[in-house]
Structures are given as structure tokens and as C-alpha cells.
Protein chains: 2
Amino acid sequence: MRTTLCREEMMDCLLEVFRRDGVEGASVVDLMRAVGLQKGSLYHHFPRGKTEIAEAVLEHVERLFEAMVFSPLREAATAVDGVAAMCHALEVYFAQGRKVCLPALIGLGPTRDQFGTAIEGFFQRWIKALADAFIKAGMPADAAMLMAEQTVVDIQGAIVVARALGQSEPFLRAMKRANQRVALP
Amino acid sequence: MRTTLCREEMMDCLLEVFRRDGVEGASVVDLMRAVGLQKGSLYHHFPRGKTEIAEAVLEHVERLFEAMVFSPLREAATAVDGVAAMCHALEVYFAQGRKVCLPALIGLGPTRDQFGTAIEGFFQRWIKALADAFIKAGMPADAAMLMAEQTVVDIQGAIVVARALGQSEPFLRAMKRANQRVALP
DNA sequence: GTCTATAAAGCGATAGAC
DNA sequence: GTCTATCGCTTTATAGAC
């Protein structure tokens with residue numbers, strides 16, 4: 001059995017800690033245990049400490065969404081297919097609303113400004129990818145932007161409510177609405 | 001000038017600290033400064049410390065929403081009036097999406113389970129108050145519950161996206177949708 | 001009911017051996 | 001590149017004077 005993790009595996013472990021505990025709630029000891037390294041070794045990989053780890057994790061999330069959501073939306077034959085692929089991936093990634101969206105959690109918290117560029121970019125790119133899919137399906141650009149924003153808003157709100165109520169149904173209903181929105185005229 | 005604050009004024013100050021910094025991010029020193037008391041005095045009011053303060057603040061939020069949202073929804077002549085009153089109050093309370101919803105922030109974070117009952121109750125009562133308004137307007141009970149949930153989801157998601165993008169527009173558009181949703185057949 | 005002083009633990013971060 | 005050991009600071013919480 002291998003005892004050391006490659007970079008991508010490390011980022012996955014670190015991401016899970018931040019998603020569970022938040023950036024303030026997660027300690028360096030928590031992060032260090034998650035990747036199976038001692039404190040000094042973790043600081044070797046990330047000399048600026050927790051801030052640098054959080055920055056790297058946010059870039060990792062961006063890459064995950066590029067592969068999981070943005071790219072499928074761009075390359076699907078129809079907008080219906082693209083949204084369906086997105087929803088399937090999100091249902092797994094957000095564990096039906098039990099796991100949170102790290103950029104959203106950071107955006108609501110006190111460290112928002114510190115990671116402002118990454119947070120803004122994440123949501124802008126997500127909304128843009130959706131809008132482009134809607135435009136490709138024949139929708140006017142301004143209407144597409146509004147519907148794209150509403151879709152992301154709906155999904156983020158569904159995670160908040162699903163987590164708060166301890167139920168998956170609000171999240172699953174948002175997935176259904178996302179598919180219906182693009183299927184109608 | 002008065003130097004000591006009454007209980008309600010104290011709760012307002014403490015709430016603002018938690019809304020800005022979160023429960024993990026806020027230190028006892030932050031809370032103590034916000035109410036203008038020294039450490040020992042704050043522990044006199046809340047012997048169990050930060051946990052007890054957070055519990056009391058969540059009860060305070062519940063009371064604020066009862067007066068600001070739930071009661072207007074119940075007592076308005078029409079559902080349209082009730083939702084309009086709610087949206088007007090929310091636009092002030094959430095500062096057009098610049099300030100967060102504490103129960104939502106806690107619900108996404110690591111202390112969710114610790115305050116589970118308060119968080120669940122807050123969202124259940126909000127959704128219930130909206131559903132009752134929709135039922136009073138002639139909507140079937142099951143459709144009313146779904147529309148109520150979708151309205152709260154939309155508002156919470158709008159706060160997430162507005163904060164993340166540093167714009168008020170996504171929040172204001174959600175307010176518009178809330179009013180339109182109840183105005184249509 | 002407010003204050004000062006202090007305890008005890010955990011935190012992020014660094015130094016240096018291997 | 002990983003480890004152990006430790007520094008200095010902040011944290012929550014308590015004790016006791018006024």
C-alpha cells in the first residue's frame with residue numbers, strides 16, 4: 001500500500017476538510033492529518049500556510065468544475081443534454097445537498113475579500129457557461145444571462161435549505177427545476 | 001449618553017458580529033468589544049460562553065423574523081401584500097445581499113449540528129408562513145408548500161451569489177421574482 | 001454587575017536534524 | 001521531502017477584587 005499521496009489526491013483531501021469545517025474552522029492539524037503528513041512537511045508544500053492551502057484548494061475546485069460542469073455544458077450537443085450532465089455531476093459532488101459548495105461558504109464568511117478574485121471568477125464562469133449553453137439553444141443573450149443566474153441561485157439556495165433542514169428533497173427539486181427550465185420553450 | 005445597553009440592544013450588536021465573522025471566526029474579545037463590556041461581565045450574562053451567546057442570538061433572529069416577516073405574512077389582507085411586506089423588510093435586513101443570513105451561514109458550517117434545532121425551526125417556520133399565505137390566496141396545500149420552499153431557496157441562493165459577486169442585482173432580482181411568483185395565477 | 005488578572009489549551013508558524 | 005521539537009501568540013474560560 002502506498003503511503004504518500006500525489007498532488008491531486010492531496011488537494012481532494014484538503015478540499016474535504018474545508019468543505020466540512022470551513023476555512024476558519026479547519027486547523028493546520030486537521031489539514032495535516034487529512035493528508036497523512038506532519039506539520040513541517042505540509043509547510044514544505046505550502047510555505048505560506050493555511051492561506052496558501054486555501055488558495056490552492058480553490059484553484060482545485062475551479063479545475064474540478066471545469067471538467068465536471070463547464071466543459072460538459074460547452075461540448076454537449078444540446079443545452080438540455082448539457083444541463084442534464086451538469087445536474088448529474090452536481091448531485092454526486094454535493095451529495096444531494098448534504099455537502100456544501102466551498103466558494104459559497106467562503107463567500108458568506110469573513111474571509112470573502114481575501115479570496116475575492118477566486119470566488120467571483122468561480123461564479124462568473126459557472127453562470128457564463130450556462131448562459132452560453134442557453135444562447136446556443138437559441139435564447140437571446142440577455143434572457144440567457146438572467147436564466148443562467150437564476151439557475152445557479154436556485155442550486156446554491158437549495159444547498160443552504162437542504163443542509164439547514166437536513167433533507168435531500170429541496171436539492172433534488174432544484175435539480176429537477178434546472179432540467180425543466182431549459183426544456184421548456 | 002448611556003453607557004450600558006439593554007438586552008435587545010446587546011443582542012443586535014452580538015448578531016452583527018456573528019453575521020460578519022461567523023461563529024468560528026468571532027472571538028469572545030470581538031463579542032465583548034461589540035457590547036462594550038469586559039470579558040468577565042460578558043461571562044456573567046452568558047456563563048456557558050460563546051455557545052450560549054450563539055444560542056441566544058439565534059433566538060433573537062427568530063424573534064426578529066417573527067416580527068418582520070412571519071407576522072406580516074400572516075396578517076396581510078392578501079398574499080401579494082404579505083410577500084411585498086416581507087421583501088421590503090428583507091431588502092433592509094440583508095442590505096440588498098451584502099449582509100448574510102446567520103442561520104444559513106451556521107447551517108453550511110461545522111457547527112450546524114450544535115444548533116440544528118434552531119436552524120431547522122427557522123427555515124421550517126419561514127417556509128410554513130409563506131405556504132399559509134399562498135393557501136389563503138387559494139392555492140392547493142401541496143403546491144403552496146413547493147412554491148414557499150422555492151421562494152426561500154431563491155432568496156438564500158441570491159444572497160450567496162450576490163455576496164460572491166459583490167453585486168446587489170442578483171438579490172434584487174430575487175425580490176422581484178418573489179413578488180411576481182405570488183402575483184401570477 | 002463590572003472590572004483586572006491569570007490560568008490552561010490550542011493555534012499558526014519556524015528551526016533544524018535526518 | 002519528512003520528521004520532531006519548540007516558539008510566540010491568541011483563544012476560551014475562571015477567580016476574585018470592587
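In the text below, chain A, chain B and the rest are named by the order of the sequence lines, each starting its count at 1.
Within a 6.0 Å sphere centred on CZ of B/R74, heavy atoms belonging to other residues, nucleotides or ligands number more than 12. Atom NE2 of B/H88 has 12 or fewer neighbouring heavy atoms from other residues, nucleotides or ligands inside a 6.0 Å radius. Remark: B/K50 NZ is packed, more than 12 non-hydrogen atoms of other residues, nucleotides or ligands lying under 6.0 Å away.
Residue B/F46 contributes atom CZ, which lies 15 Å from atom P of D/dT14 at whole-angstrom precision. Here the P atom of nucleotide D/dT10 and the CZ atom of B/R33 are 11 Å apart, to the nearest Å. Straight-line distance from the CG atom of A/L37 to the C1' atom of D/dT4: 14 Å, rounded to whole Å. Rounded to whole Å, the distance from CG on B/L42 to P on C/dT4 is 14 Å.
A continuous path of hydrophobic side-chain contacts links B/V17 to B/L5 [ILVMFWY only; heavy atoms under 4.5 Å].
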Going through the checks in order, is the side-chain contact (heavy atoms from CB on, under 4.5 Å) test met by B/I119 and B/L58? CA-CA 8 Å; B/I119 305 293; B/L58 280 175; 4.2 Å; yes

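Note: B/F94 and B/F171 have perpendicular aromatic rings, judged against thresholds of 30 and 60 degrees for the angle between ring planes.
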I'd like to compare against my own output: the B/S/- annotation of nucleotides 12-18 of chain C with a strict under-4.0 Å heavy-atom distance to protein. BBB----

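B/H44 has a side-chain polar atom (N or O) that falls below the 4.0 Å cut-off from OP1 or OP2 of C/dG1. In this model, the phosphate group of D/dG1 is not approached by any side-chain N or O of A/S41 to a distance below 4.0 Å at OP1 or OP2. Note on B/Q38: a side-chain N or O is less than 4.0 Å away from OP1 or OP2 of C/dT4.
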